[in-house]
Each structure stands twice: as structure tokens, then as C-alpha cells.
Protein chains: 2
Amino acid sequence: MGTEQTTEEKILAAAEEVFLQSGFDGARMQEIANKAEINKAMLHYYFRSKDLLFERIFEEKARYFFPEVNEIFAQENSFEQKIHSFIEKYIHFINQHPYIPIFIITTINRKGQEVFIDKLPLKASLAQNLFTSYFKDFQEGKVAEINPLQLALSVIGMCVFPYLGRPILNHVFKIQGDEFFELMEARIQEVQLYVSKILKVD
Amino acid sequence: MGTEQTTEEKILAAAEEVFLQSGFDGARMQEIANKAEINKAMLHYYFRSKDLLFERIFEEKARYFFPEVNEIFAQENSFEQKIHSFIEKYIHFINQHPYIPIFIITTINRKGQEVFIDKLPLKASLAQNLFTSYFKDFQEGKVAEINPLQLALSVIGMCVFPYLGRPILNHVFKIQGDEFFELMEARIQEVQLYVSKILKVD
DNA sequence: TTTTGGTTTAACCATTTGGTTAATGCTATG
DNA sequence: CATAGCATTAACCAAATGGTTAAACCAAAA
């Protein structure tokens with residue numbers, strides 16, 4: 001198997017692993033070098049500093065926190081359908097990258113580093129699309145009256161919180177191995193059900 | 001005003017501030033000493049090491065992440081009423097301690113430090129109470145059929161996520177100052193409404 | 001073969017960091 | 001007043017850490 005990986009690729013892979021697991025403050029350049037099986041000086045040769053290497057990794061991973069949701073809201077579906085699609089795609093996606101949420105959340109909450117928020121791929125159009133889509137369906141009497149911002153916060157919270165509180169969840173419910181991901185897989189339908197009930201007109 | 005504070009109290013106050021804002025890895029003993037306006041050696045005189053000082057702070061704050069919810073579930077209310085009480089009390093409480101969630105979440109997700117989960121005041125009875133309370137009302141036909149574990153995860157996620165994603169929220173919706181807390185205050189009713197709809201029998 | 005240019009390494013460096021020590025200060029008790 | 005004992009401080013220490021440097025390596029071009 002062609003395990004040919006350039007030095008740069010080896011560094012990026014190792015840096016990703018270490019930064020995702022330990023965050024900026026907890027990460028050590030030496031650990032990255034060891035994991036990449038290269039000399040520590042190479043890290044600076046290729047990326048100059050810890051800050052720059054971290055930025056590189058963050059920018060690469062930030063896209064994953066809010067993956068292609070724009071296309072979901074660009075479709076010609078009902079508001080409810082759009083939320084349902086989001087839930088399914090989002091949980092499926094994060095299941096493949098379960099450490100992204102805690103990495104992003106800790107980074108953007110790091111004091112003095114609010115800079116990183118600007119690096120998140122947050123399009124103003126997203127919130128706009130959400131609101132217009134909701135009000136369209138609301139005026140047609142297809143959804144109940146709720147606050148779309150609060151609903152969005154709720155949906156994201158319901159999807160993402162389990163990944164953040166995973167150690168607690170594992171501990172309290174003695175979850176182990178793939179059981180967590182099965183729980184999240186089952187969660188898709190459950191959260192979709194909740195949203196349907198929330199949006200149902202009386 | 002009697003500002004008489006023992007050295008130990010000054011240290012604890014400063015340590016709390018620094019650890020909550022920076023986490024264990026990002027915190028510096030010197031910064032704590034400066035903030036407490038004492039000599040760095042005093043930190044070790046009173047608490048021996050950074051680890052022990054951190055543990056002390058964590059144990060003190062951990063109780064705040066799951067405040068007195070046991071009493072809520074011990075009451076003679078309906079399941080729905082209990083969830084409603086939880087939402088109100090929880091958001092009110094965290095509004096007074098908005099940095100607790102990110103502090104707890106980052107700490108328990110720190111690699112090699114899963115020890116801290118044991119320090120969380122998680123009573124097995126809590127989950128137990130939740131389930132029995134749900135099934136009682138379910139058998140009486142008072143609530144719809146849902147998965148109580150998934151609902152619990154959802155309620156906690158809806159309550160706590162905004163505090164974790166607050167920098168994003170502030171950024172996207174140009175929220176500033178107390179507006180965030182007003183949003184959370186309004187959120188109580190909204191989330192309660194969602195739960196009512198979720199639990200409503202058809 | 002020689003040279004040229006990027007790549008890699010070992011050794012090194014300055015600073016930071018958690019932690020220690022020995023001396024000093026201070027207060028209460030005999 | 002003396003002194004015993006805790007509180008406090010300045011100075012110090014060893015290890016860790018991000019970063020640098022100069023020499024060595026190595027493949028491709030001349």
C-alpha cells in the first residue's frame with residue numbers, strides 16, 4: 001500500500017490529531033513531531049510557528065462544523081423538510097468527525113482568541129434563508145408560530161450537545177464503543193419527530 | 001465595606017477566575033498570584049500544586065453544572081411539570097454562572113483527565129427518577145410516546161448549548177451586553193413550549 | 001563529477017513555568 | 001519581653017517548551 005506521504009502531510013495529520021485532542025494550550029510541538037516521526041525543527045521549517053500551524057488546522061476543520069447547509073436551505077422544500085434534512089446530514093457528518101464540535105467550541109471560547117470566529121464559514125445568508133423560509137411557510141399556515149432563532153438554537157443544540165457531553169453520557173449510561181454512534185443514529189429520527197411536533201399547527 | 005478576605009479566599013477567588021476563563025492548560029500560576037495580589041509561593045503553601053488547586057476549583061464548580069435537580073424530580077408533579085421546572089431553574093441558574101458550562105465541558109473532554117467525571121455530582125437516582133416519572137405518566141396516557149433518554153439529552157442540549165456557542169451567537173446576530181441574557185430569559189418559555197408540544201398526546 | 005538547492009537533523013538557546021527554600025515578618029501566648 | 005509558630009516573601013531551581021542555527025544529506029541539474 002502506497003504509504004508515501006510527504007513530510008508536510010505527515011505534519012498536518014499529526015498536528016490535526018494532537019490539536020483536536022488537546023486544544024492549542026494542551027498541545028505540544030514535540031508531541032506533534034513524535035507522532036509525525038520527524039524532527040521538531042521541521043515543524044517550524046514548514047509552518048514557522050505553533051500559532052500558524054494551529055491556524056492552518058483550525059481553518060481546515062472549521063468548515064466541518066457547519067458543513068454544506070446552504071444547499072439544504074437553497075432547496076425548494078418546506079421549512080420542516082429543510083430542518084429534517086439538516087438534522088440527518090448534520091448527525092451523519094459529525095458521526096464521521098466526532099471531535100470537531102469540542103475542538104471548535106473550546107477554540108472559539110478561548111480568551112483573547114475571538115479571532116477564530118471570523119475564520120468560521122458563517123454566511124449571513126444562512127440566517128436570512130432560515131427566517132424567510134420559516135415565514136413563508138408560516139404565512140401559508142403550514143407551521144405553528146414559534147421563534148425561528150430559538151428553534152435553530154434548539155435544533156443545533158439537540159444535534160451537537162451529545163458530542164460535547166459524551167464523556168458524561170458514556171459514564172452515566174455505561175455506553176461503550178460504537179453504542180454512542182448507534183444512539184446518535186437513532187437520535188436522528190427522534191429529533192426529527194420532536195421538530196415535527198413543535199412545528200405542527202394545532 | 002469589610003473587604004477583609006483571608007489569603008486562602010483571595011487565592012480561591014483568583015484561581016476560579018483564571019481557571020474558568022482559561023482552563024487548566026491555559027491557566028498560569030503566576031497569573032493567579034497576580035490576580036490575588038499575593039506571592040506565588042503562597043499558592044503552593046496553601047494548595048501544594050496546580051493540580052490540587054484546580055481540583056479544588058473544579059469540585060466547587062461541578063455542583064453548579066447540575067444544580068439541585070434532584071428535588072425537582074422528587075416533587076409530586078407531572079413529568080411535564082418537572083421538565084418545565086428544570087428548564088426554568090437551570091437557565092436562571094446558569095445565567096448567574098455563564099462560564100460554568102464551557103469550563104465543565106472542556107475539563108471533562110481533556111484527554112487523560114477523565115478522572116474529573118467522577119467528581120461530577122451525578123446521582124444514578126437522577127436517571128432513575130426521570131425514567132420512572134416518565135413511564136408513570138405515559139401509562140396514564142398523560143404524555144406521548146418518546147424516548148426519555150433522548151428527550152433528556154435534548155432538553156439539556158437546548159438549555160446549555162447557547163452558553164457554549166455564545167461567541168458564535170454574539171457574532172452572527174450582533175448580540176451585545178445583556179441582550180444575550182435577555183435572549184436566554186425569553187428562551188425559558190420557548191423551550192417549555194417545545195417540550196409541551198413534544199409531550200402532547202395526539 | 002561537481003554543484004546547486006531544497007530537506008533533514010542534532011545541538012543549542014532563551015524564556016516560561018511549576019515548584020522549592022531559606023530567611024524574614026508578624027502575632028499571640030507564656 | 002521573649003519566643004514559638006504560622007504567614008509571607010525574594011530568590012532560586014530544574015524541567016519543559018517554542019524556536020533557531022549551522023552543518024549534513026541527498027537528489028537533480030550542469
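Naming convention: chains lettered A, B, ... in sequence-line order (proteins, then strands); numbering from 1 in each chain.
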Whole angstrom value for the distance that separates [atom2] of [N] from [atom1] of [X]:
{"X": "B:Gln5", "N": "D:dA7", "atom1": "CD", "atom2": "C1'", "result": "17 Å"}
{"X": "B:Leu52", "N": "C:dG19", "atom1": "CG", "atom2": "C1'", "result": "13 Å"}
{"X": "A:Glu8", "N": "C:dT8", "atom1": "CD", "atom2": "P", "result": "11 Å"}
{"X": "B:Phe47", "N": "D:dA7", "atom1": "CZ", "atom2": "P", "result": "12 Å"}
{"X": "A:Gln30", "N": "C:dT16", "atom1": "CD", "atom2": "P", "result": "20 Å"}
{"X": "A:Ile32", "N": "D:dT17", "atom1": "CD1", "atom2": "C1'", "result": "12 Å"}
{"X": "A:Glu9", "N": "C:dT7", "atom1": "CD", "atom2": "P", "result": "13 Å"}
{"X": "A:Asp25", "N": "C:dT17", "atom1": "CG", "atom2": "P", "result": "11 Å"}

Is atom CD of A:Gln189 surrounded by more than 12 heavy atoms (other residues, nucleotides or ligands) closer than 6.0 Å?
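Atom CD in A:Gln189 is not packed in, count stays at 12 or less.
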Would you find more than 12 non-hydrogen atoms of other residues, nucleotides or ligands less than 6.0 Å from B:Tyr99 atom OH?
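Open: at most 12 neighbouring heavy atoms sit under 6.0 Å from OH of B:Tyr99.
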From C-beta outward on [X], which listed nucleotide comes closest to its side chain: [options]?
{"X": "B:Lys50", "options": "D:dT8, C:dG18, C:dT7", "result": "C:dG18"}
{"X": "B:Met29", "options": "D:dG19, C:dG18, D:dT8", "result": "C:dG18"}
{"X": "A:His44", "options": "D:dG18, D:dT8, C:dT20", "result": "D:dG18"}

Go through the side-chain N and O atoms of A:Glu80 and A:Ser196 and say whether any donor and acceptor fall under 3.5 Å apart.
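Side chains of A:Glu80 and A:Ser196: pair found under 3.5 Å.
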Under 3.5 Å, is there a donor on one side chain and an acceptor on the other for A:Lys82 and A:Ser133?
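The answer is yes; a qualifying pair exists.
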Which of residues 33-43 of chain A sit near DNA chain C, with a heavy atom under 4.0 Å from it?
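Here the set is A:Asn39, A:Ala41, A:Met42.
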Assign each of A:Arg48 and B:Tyr46 to its nearest nucleotide of DNA chain D by heavy atoms, then name whichever residue's nucleotide is nearer the 5' end.
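Whichever sits nearer the 5' end wins; that is B:Tyr46.
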Should [X] be listed as having a side-chain N or O under 4.0 Å from OP1 or OP2 of [N]?
{"X": "B:Thr7", "N": "D:dT8", "result": "yes"}
{"X": "A:Arg28", "N": "D:dG18", "result": "yes"}
{"X": "B:Tyr45", "N": "D:dC6", "result": "no"}

By the definition side-chain contact (heavy atoms from CB on, under 4.5 Å), identify the one residue from A:Ile105, A:Thr106, A:Leu169 that meets it with A:Leu164.
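By the side-chain contact (heavy atoms from CB on, under 4.5 Å) criterion, A:Leu164 pairs with just one of A:Ile105, A:Thr106, A:Leu169: A:Ile105.
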Quiz item: cation-pi between B:Arg110 and B:Phe58, 6.0 Å / 45°
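No.
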Any cation-pi pair here, B:Lys50 with B:Phe24, using under 6.0 Å and within 45°?
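Yes; both conditions hold, so B:Lys50 lies above the ring face of B:Phe24.
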